[in-house]
2 protein chains.
Amino acid sequence: MITIKDVAREAGVHPSVVSRVLNKDVTLKIKKETRERILITVEELGYVPNHSARNLKRNETMMIGMIIPDFSNPVYSSIIHGAENKAAEECYNLLVYSKDQKGIGNNYFSHLIEGRIDGLLIAVSEFEDKDIKELAELDKPFILVNRFVEGIENHVVLDDETAGYMAAKHLMELGHTNIAHITGPFEIGTGFNRYKGFKNGIEDAGIELKAEYIRKSAYTIQSGYDEMNQLLKLEEPPTAVFAANIMISLGAMRAVQEKGHEIPNDISIIGIHDVAFAPVLNPPLTTIRMPLYEMGEAAVKKLVENIKGKSSNKDMEGIMIEGGELIVRDSTKEFIPE
Amino acid sequence: MITIKDVAREAGVHPSVVSRVLNKDVTLKIKKETRERILITVEELGYVPNHSARNLKRNETMMIGMIIPDFSNPVYSSIIHGAENKAAEECYNLLVYSKDQKGIGNNYFSHLIEGRIDGLLIAVSEFEDKDIKELAELDKPFILVNRFVEGIENHVVLDDETAGYMAAKHLMELGHTNIAHITGPFEIGTGFNRYKGFKNGIEDAGIELKAEYIRKSAYTIQSGYDEMNQLLKLEEPPTAVFAANIMISLGAMRAVQEKGHEIPNDISIIGIHDVAFAPVLNPPLTTIRMPLYEMGEAAVKKLVENIKGKSSNKDMEGIMIEGGELIVRDSTKEFIPE
DNA sequence: TTGTATGCGTTATCAC
DNA sequence: GTGATAACGCATACAA
């Protein structure tokens with residue numbers, strides 16, 4: 001292992017000088033010759049500062065952690081992408097791990113407490129509120145992404161309510177009146193807010209919202225499939241369905257098609273989250289594109305501010321990223337009465 | 001920040017004793033009383049050892065890095081999952097980042113060189129061979145996952161050749177003879193090996209492999225879509241297509257359906273990689289399930305051995321995980337002559 | 001069984 | 001401009 005001492009010896013200077021050169025102190029009180037000699041030696045020896053030693057001294061890692069539920073959920077890839085790019089811009093590294101990967105003491109946040117990372121993005125909805133509140137006590141920088149917890153203001157979320165409203169509006173504009181909604185879990189902000197927006201949309205149009213058309217579901221393919229099957233069993237099945245996320249959409253589409261119905265001729269389906277494969281589904285899925293990438297960016301931006309002490313978890317205001325966009329494809333179609 | 005000194009003072013002992021208690025030296029030459037008192041104090045103060053300090057001393061981070069091409073590729077989620085679980089079993093943390101996230105000096109491997117991680121899994125096929133070889137010179141533990149580089153033996157790969165063979169066999173058993181293959185890039189081991197297996201399968205059956213039925217593609221939806229369209233333009237289009245991975249499958253399915261053909265009635269399609277949404281595609285996709293999870297596990301297992309010095313990059317033999325499994329769904333069907 | 005001393009590699013604060 | 005020194009928090013060899 002090449003250390004700063006090796007470089008110093010080779011260049012004929014004291015280690016502290018090497019350190020100063022490499023850390024580009026604005027006050028560059030260093031002779032050009034020595035600076036260049038050192039830089040060349042660094043290059044020659046392939047010296048790279050030891051991360052742990054530097055961190056121990058500076059007490060910062062320039063690393064940001066991000067916990068996600070699991071890597072198979074395509075929704076997170078956009079958030080991560082935005083977060084990674086923003087982090088790079090701010091000279092931080094983003095390290096992603098799943099919630100299944102508990103640290104020491106079965107603690108989800110041990111990386112933060114141990115000082116492996118300078119801040120944490122929490123993009124997991126399954127954590128208990130009390131865990132989050134305990135974390136908040138520690139006064140380490142963290143941001144809840146796409147999640148709302150009562151009393152915790154350091155979050156970045158999307159405008160899910162408007163998204164639900166838009167979905168309802170789209171289906172109604174196509175002439176549908178028997179519109180069902182397979183919701184996400186109400187305990188999770190996104191699930192409830194999308195439902196709220198949907199409900200408002202329907203009621204604003206003066207349409208009665210039938211209780212049997214609201215099916216609570218988990219954000220999984222299987223659950224979407226199951227709930228869609230329940231809807232199909234109704235005496236008067238819906239002619240259009242709003243699925244609360246992409247996993248539910250996939251399950252619902254499968255259920256409809258398995259029963260021999262056609263999308264969109266028999267049933268229209270609109271989903272949320274315009275993931276990469278939405279256009280190549282059969283039929284291509286009408287969705288609402290949510291600004292996931294932008295949410296990832298915003299979360300990192302705010303987190304870095306908190307890390308640098310420009311603001312803190314406690315005095316920040318929750319951030320909402322607006323701008324859902326309706327992407328009309330072939331899974332929704334005008335309702336034609338028989 | 002609570003340090004080991006705080007604990008020591010509170011418990012009325014010397015810091016070194018605290019250290020010994022926490023590091024559970026097999027030689028537990030510590031009075032039960034003191035040990036318990038210390039443990040209680042640790043609990044009370046919420047002391048957590050500082051990661052950087054410990055790392056600086058021990059020269060190990062208990063962290064494993066993993067570079068992937070991007071987070072939107074569903075194939076990687078299984079590999080990561082296996083890797084995460086195995087890492088946890090071995091008391092390591094797995095930190096995932098994308099190849100877009102270069103470190104200092106535009107170096108993909110800086111995390112390894114800086115000592116942020118003890119070893120690295122490289123699951124990216126786009127790196128230049130020379131970059132990999134440079135890394136190999138450094139003699140830091142790393143494993144190539146699902147990638148083969150000439151002269152580098154520290155890799156874990158799948159039996160892609162057999163997978164290609166199985167795909168060809170399945171389609172031929174259904175009576176197809178006009179079978180096309182949209183391949184992956186030949187520069188990447190997987191692409192070429194799947195092609196090789198496919199070719200052998202076809203030729204073993206005494207069927208002539210038509211040159212126009214082999215379409216080289218990138219592992220993307222768009223490329224799969226484009227190449228499938230080329231196949232459809234042929235005078236005698238294939239009745240069955242083997243798509244070299246899931247992205248190509250998605251693109252190919254879309255192209256077929258957009259032209260008004262039916263899967264599998266007009267054209268059968270078989271893909272590789274049984275991702276989570278394969279069963280809910282329309283039609284559900286016949287695939288070959290590759291042991292991605294197991295590959296992730298095996299890669300970590302081997303990497304940890306290298307880290308612990310039981311073996312090294314250079315003296316290890318390449319590992320191949322066998323066991324592709326044909327999952328027949330509705331996208332392939334018996335060929336019925338007109 | 002516990003305390004003392006030392007050093008991991010780096011940077012910040014001195015003095016020269 | 002540069003060199004010397006101390007300290008970050010921890011673990012370990014050695015002394016007691």
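The model shown is predicted, which means the values in this text are computed figures rather than measured ones. The analysis underlying the following values was restricted to heavy atoms, covering all of them including side chains, and did not include hydrogens, waters or symmetry mates. Per chain, numbering begins at 1; letters A, B, ... match sequence-line order.
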From [atom1] of [X] over to [atom2] of [N], roughly how many Å is that when rounded to an integer?
| X | N | atom1 | atom2 | answer |
| --- | --- | --- | --- | --- |
| A:L22 | D:dT2 | CG | P | 14 Å |
| A:D6 | C:dG9 | CG | C1' | 11 Å |
| A:R9 | D:dA4 | CZ | P | 14 Å |
| A:I4 | C:dA12 | CD1 | P | 11 Å |
| B:E36 | C:dT1 | CD | P | 14 Å |
| A:M62 | C:dT11 | CE | P | 13 Å |
| B:I2 | D:dC10 | CD1 | C1' | 16 Å |
| B:N50 | C:dG9 | CG | C1' | 14 Å |

Open item on the list: Quick check for you: to the nearest 0.5 Å, what is the distance between A:I113 atom CD1 and B:N50 atom CG?
Closed with: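 The CG atom of B:N50 is 12.5 Å from CD1 of A:I113, to the nearest 0.5 Å.
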Task: Spatial distance of atom CG (A:L95) from atom CE (B:M66) [nearest 0.5 Å] - done: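 Reported value, rounded in 0.5 Å steps: 14.0 Å.
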Task: Residues that A:D100 engages under side chain to side chain donor-acceptor pair (under 3.5 Å), provided they are two or more places apart - done: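 In terms of side chain to side chain donor-acceptor pair (under 3.5 Å), with neighbours along the sequence ignored, A:D100 is linked to no residue.
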Open item on the list: Under 4.0 Å from OP1 or OP2 of C:dT11: is there any side-chain N or O of A:R54 that close?
Closed with: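 A:R54 to C:dT11 OP1/OP2: side-chain N or O found under 4.0 Å.
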Open item on the list: At less than 4.0 Å, is any side-chain N or O atom of A:N23 found next to OP1 or OP2 of C:dT11? Yes or no.
Closed with: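 Yes, such a contact exists.
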Open item on the list: Looking only at the aromatic ring of each residue, does the gap between the centers of A:Y108 and A:F127 stay below 6.0 angstrom?
Closed with: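 Yes - the distance between ring centres of A:F127 and A:Y108 falls below the 6.0 Å cut-off.
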TODO: List the protein contact pattern of nucleotides 2-8 of chain C with one symbol per nucleotide (5' to 3'): B for base contact, S for sugar-phosphate-only contact, - for none; contact means a heavy-atom distance under 4.0 Å.
DONE: BBB--BB
Open item on the list: Please evaluate residues A:F109 and A:L120 with respect to the criterion side chain to side chain contact (heavy atoms under 4.5 Å, CB included), reporting the C-alpha separation (whole Å), side-chain torsions for both, the decisive distance (0.1 Å), and the verdict.
Closed with: CA-CA 8 Å; A:F109 314 117; A:L120 181 61; 3.5 Å; yes
Open item on the list: Between A:N154 (side chain only) and A:F142 (backbone N and O only), is there a donor and an acceptor less than 3.5 Å apart?
Closed with: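 Yes, because the side chain of A:N154 sits within donor-acceptor range (under 3.5 Å) of the backbone of A:F142.
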